[in-house]
Amino acid sequence: MKRFVWPLTLLSFSPVLVLADSVSYQQDVAGKPLKLQLEGVSQKDWQARLPQFQHWLTEAKPKQHELIQLCEEWRALSQQSYSCRLGAIAQQWQHAVKSQVLPDRVELRRQTRAIEQQVVSAANYNTVVWQLDGLANARLLDDTAVLLKSWFPELKQMDLQSGVSRLVWSDALSTKLSLGTEQPLLQQLQLNSVALAQTETANAQQGYKVSYRTFSPLLNPAEGWPVEYGPTATVLAKDAVTAYLLAQSLAVLDLKQGQQLTDQQQAAALIKTDSANWYASNSWYDYLADKSQSQQQGLQISYQLPKFSDGNYKRPYVSVWLTDQQKKPVRQLSLVGQQSRWYQELNHWWRRLGRKNPEQIDQIAGATQKPGTYQLQWDGRDQQGAVVPWGQYQLHLEVAREHGGHEHLTLPLNWQADLKPLELQGKAELGLVRLQLQSKDG
């Protein structure tokens with residue numbers, strides 16, 4: 001059985017300025033370490049405020065009903081992909097760790113659905129065992145940031161962290177933040193005031209260890225089982241609460257839904273699937289310090305699905321992808337059709353990409369399309385999110401239809417070398433296909 005893969009460790013801080021006055025402090029709050037790094041604050045001033053800060057921390061616990069209300073609002077916003085209602089289910093997993101016996105999956109699903117279907121209001125909050133720790137940590141960071149800025153007007157930089165949540169603030173135009181070396185889009189960001197969070201699966205120490213397996217600490221609200229093979233995300237948002245809630249939701253939502261929710265929240269997200277493919281929201285690139293990774297041009301792809309008079313017509317499955325000159329896959333751009341038994345009918349795509357990433361298919365597949373003209377955009381990046389070098393590539397479009405035909409078109413693409421609009425007419429299952437270079441500004 002495939003083991004659960006933990007994502008990257010949460011963030012490393014690299015301040016632009018090294019100041020003489022700096023403070024590093026850590027204190028456990030409700031069993032979680034709260035870490036502070038302040039620049040521009042003297043040790044003398046900090047020590048004078050420390051007793052007051054320690055007292056504030058003992059009194060600063062967010063009110064439970066406010067957290068519950070926030071959870072319920074986000075539960076609706078995220079199409080029930082995030083829920084704080086599963087405290088009783090989490091207790092069963094904690095018991096499983098002690099007994100080293102897995103819960104009964106069918107019974108767990110039944111209990112979870114009963115909890116999720118319950119009508120909850122302020123009048124009956126006490127009928128639910130709530131999971132609020134992660135959200136409380138995020139709220140604490142937001143409140144702490146407000147407090148410290150009011151106490152220390154000379155503050156230059158602030159880095160706060162608790163659990164999988166983090167908040168970075170600088171009075172300068174920007175602060176450089178390195179999130180790791182594994183991925184080009186994580187190596188260096190340019191920030192000045194932002195909150196960050198990752199999915200709770202980023203913290204392996206909090207997972208459920210039963211027998212030889214380690215399960216994610218994040219439970220799927222649809223069945224009460226730990227999230228498996230789902231994406232993990234790093235999120236940048238206006239406050240720690242939004243960043244935390246969005247990061248947890250992205251572990252359950254499919255990629256398209258997750259990116260829509262990210263855009264709605266005016267946030268940025270970098271998502272890693274279990275098959276190690278990366279997807280960035282459009283706004284993520286605005287934060288890159290390395291402007292060579294901020295692609296200024298993209299490719300607009302237009303294709304037509306023709307109309308057939310056949311009374312037995314079924315909507316086609318369509319895959320669009322890119323390869324290099326050695327026929328090595330570069331990027332999956334689109335996959336239309338969601339019933340897995342038909343994927344192998346896209347035989348060129350299946351041999352080159354589909355069968356190698358079966359867990360990813362459900363994340364990227366969209367509903368079938370009726371006859372018409374459809375638009376796609378390629379941002380000039382590979383599956384890992386890095387800008388591809390200029391050169392020769394091939395764009396593939398493959399269509400297969402139940403009770404119908406099959407067609408595979410390959411279009412040569414001289415990427416960014418004075419690329420002119422290119423058109424190719426399909427012969428059966430595809431109509432006109434058109435490629436056109438497009439600037440980032442459209």
Side-chain angles (χ1 to χ4, degrees), residues 255 275 277-279 295 297-308 314-340 342-358 360-361 363-438:
L255 286 171
S275 52
N277 291 315
W278 296 80
Y279 297 87
Q295 183 61 269
Q297 290 182 310
L299 184 70
Q300 180 174 302
I301 304 160
S302 170
Y303 67 90
Q304 292 179 344
L305 298 178
K307 186 175 182 179
F308 293 87
K314 300 289 185 182
R315 292 184 180 182
Y317 277 46
V318 184
S319 183
V320 184
W321 75 98
L322 280 152
T323 61
D324 60 18
Q325 283 293 87
Q326 289 72 44
K327 298 183 179 181
K328 181 181 178 181
V330 173
R331 179 78 176 267
Q332 176 78 53
L333 298 180
S334 177
L335 178 62
V336 173
Q338 296 175 303
Q339 294 188 37
S340 59
W342 294 108
Y343 291 139
Q344 295 186 44
E345 298 301 312
L346 299 166
N347 49 68
H348 292 274
W349 168 80
W350 180 256
R351 288 198 304 269
R352 290 167 173 76
L353 282 89
R355 66 180 179 180
K356 299 176 182 179
N357 297 300
Q360 181 193 351
I361 291 175
Q363 288 290 329
I364 64 175
T368 53
Q369 299 166 330
K370 63 183 181 180
T373 300
Y374 296 91
Q375 306 285 341
L376 292 174
Q377 302 286 335
W378 177 47
D379 59 5
R381 299 177 185 276
D382 63 18
Q383 204 67 51
Q384 303 304 311
V387 173
V388 303
W390 291 15
Q392 298 293 331
Y393 297 88
Q394 290 183 321
L395 178 71
H396 300 262
L397 296 94
E398 187 172 13
V399 180
R401 185 165 53 88
E402 183 183 0
H403 306 305
H406 172 275
E407 187 166 6
H408 175 217
L409 288 184
T410 301
L411 290 80
L413 178 61
N414 190 8
W415 177 236
Q416 290 198 350
D418 193 26
L419 181 67
K420 296 199 168 40
L422 175 65
E423 292 185 352
L424 184 64
Q425 179 68 42
K427 296 180 179 179
E429 299 294 330
L430 278 165
L432 182 66
V433 179
R434 191 172 193 273
L435 309 182
Q436 183 173 3
L437 200 64
Q438 188 176 47

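Atoms considered below: every heavy atom in the structure, side chains included; atoms not considered: hydrogens, waters and symmetry mates.
In this structure, NE2 on His408 lies 10.0 Å from CG on Leu430, to the nearest 0.5 angstrom. Between atom CD of residue Gln377 and atom CG of residue Leu299 there is a gap of 8.0 Å, rounded to the nearest 0.5 Å. The distance from atom CD of Gln394 to atom NZ of Lys327, rounded to the nearest 0.5 Å, is 7.0 Å. Note that the CG atom of Leu435 and the CG atom of Leu395 stand 5.5 Å from one another [nearest 0.5 Å]. Between Ile301 atom CD1 and Arg434 atom CZ the span is 12.5 Å, to the nearest 0.5 Å.
Taking the ring axis of Tyr393 as reference, the NZ or CZ atom of Arg331 does not stay both within 45° of it and closer than 6.0 Å to the ring centre.
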For this session: Using the side-chain contact (heavy atoms from CB on, under 4.5 Å) rule, take Glu423 and Gln425 through it: C-alpha gap first, then chi angles, then the decisive distance, then the call.
Result: CA-CA 7 Å; Glu423 292 185 352; Gln425 179 68 42; over 6 Å; no
For this session: Using the side-chain contact (heavy atoms from CB on, under 4.5 Å) rule, take Glu407 and Lys427 through it: C-alpha gap first, then chi angles, then the decisive distance, then the call.
Result: CA-CA 8 Å; Glu407 187 166 6; Lys427 296 180 179 179; 3.9 Å; yes
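Tyr343 places no side-chain N or O within donor-acceptor distance of the main-chain N or O of Tyr317, the cut-off being under 3.5 Å. In this structure, Gln332 contributes its side chain and Val320 its backbone to a donor-acceptor pair below 3.5 Å.
Under the side chain to side chain contact (heavy atoms under 4.5 Å, CB included) criterion, Leu424 pairs with Leu409, Leu411, sequence neighbours left out. For Gln392, the side chain to side chain contact (heavy atoms under 4.5 Å, CB included) partners are Gln325, Asn414, not counting sequence neighbours.
Using a 4.5 Å heavy-atom threshold, the side chains of Val318 and Tyr374 count as separate. In this structure, Val388 and Leu322 have side chains that are not in contact, with every pair of non-hydrogen atoms separated by 4.5 Å or more. Considering only heavy atoms from C-beta on, Gln383 comes within 4.5 Å of Tyr279 through its side chain. Using a 4.5 Å heavy-atom threshold, the side chains of Leu346 and Leu335 count as touching.
Contact detail for Thr373 and Ser302: the closest heavy-atom pair is CG2-OG, 3.5 Å. Taking every heavy atom of both residues into account, Ala428 and Pro306 meet most closely at O-CG, 3.5 Å. Between Thr323 and Pro329, the shortest heavy-atom contact is CG2-CA, 4.1 Å. Counting all heavy atoms, side chain and backbone alike, Pro412 lies closest to Leu422 at O-CD2, 3.6 Å. Nearest heavy atoms, Ser319 versus Trp321: OG-CE3, 3.5 Å. The heavy-atom pair separating Gln369 from Leu305 by the smallest distance is OE1-CD1, 3.8 Å.
Across Glu398, Glu429, Arg401, a single residue satisfies side-chain hydrogen bond (donor to acceptor under 3.5 Å, both in side chains) together with His406, and that is Glu398.
Ring orientation note: the planes of Trp415 and Trp378 are tilted relative to one another, at an angle of 30° to 60°.
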